[in-house]
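Beneath this line is the structure, given in structure tokens, with notes to follow.
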Amino acid sequence: MMKTVMLIGLFMMSAITLAEDVTGRWTGMIMDQFEVVYDFTQDGEKLAGTTVGPDGTKINITNGMIKGEDISYTINVMGGDMPVRGKIVGDTMKLTFSMDGNEIPFELKKQAKK
């Protein structure tokens, strides 16, 4: 029994360390029309960072969380909070947000460090 508990503990720790840190610049397109750029910083399961709004102003990410491959955060667009959620798959984030009751999917790709 003790060996099983230790093995489960070791497996859990290795799974945690395998989770990729999303810190860095991520870019993508929304509806093949709007380029988006995010600068994320990750501290454990907490996610912070910024993006740029349609008018060019910097927008802070709030309520950012990463649990395993699940990611969620909120941005304030034109005075309203917009929740974003999705999954992290390697160097790609597959995300969705809701606009006027429609789910809008988009992807971000991690940019290589220069």
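The first residue in the sequence is number 1, and the count goes up from there.
A donor-acceptor contact shorter than 3.5 Å links the side chain of Gln42 to the backbone of Gly44.
Residues Ile61 and Thr74 form no side-chain contact, since every pair of their non-hydrogen atoms from C-beta on lies 4.5 Å or further apart. A 4.5 Å side-chain heavy-atom check between Ile75 and Thr51 finds at least one atom pair inside the cut-off. The closest side-chain heavy-atom distance from Val84 to Thr96 is not below 4.5 Å. Using a 4.5 Å cut-off on side-chain heavy atoms (C-beta onward), Leu95 and Leu108 make contact. Under the 4.5 Å side-chain criterion, counting only non-hydrogen atoms from C-beta, Val37 is in contact with Arg25. Residues Met31 and Ile104 form a side-chain contact, since some pair of their non-hydrogen atoms from C-beta on lies under 4.5 Å apart.
Under the 30°/60° scheme for interplanar angles, the aromatic rings of Trp26 and Phe40 are found to stand perpendicular.
In this structure, a donor-acceptor pair under 3.5 Å is absent between the side chains of Glu35 and Thr27.
Put simply, CE on Met29 and CZ on Phe106 are 12.5 Å apart, with the number rounded to the nearest 0.5 Å. Taking CE from Met65 and CD from Glu45, the interatomic distance works out to 5.0 Å, rounded to the nearest 0.5 Å.
Taking the centre of each ring, Phe97 and Tyr73 stay at or above the 6.0 Å mark.
Counting non-hydrogen atoms of other residues, nucleotides and ligands closer than 6.0 Å to CE of Met99 gives a total of 12 or fewer.
For residues 56-79, every residue pair satisfying the salt bridge (Lys or Arg N to Asp or Glu O under 4.0 Å) rule, not counting sequence neighbours, is listed here: Glu69-Lys87, Asp70-Lys87.
Applying the side-chain hydrogen bond (donor to acceptor under 3.5 Å, both in side chains) rule to Asn76 yields the partners Asp81; only residues at least two apart in sequence or on another chain are considered. With sequence neighbours excluded, the residues forming a salt bridge (Lys or Arg N to Asp or Glu O under 4.0 Å) with Glu103 are Arg85, listed by chain and number.
Counting all heavy atoms, side chain and backbone alike, Asp21 lies closest to Lys110 at O-NZ, 2.9 Å.
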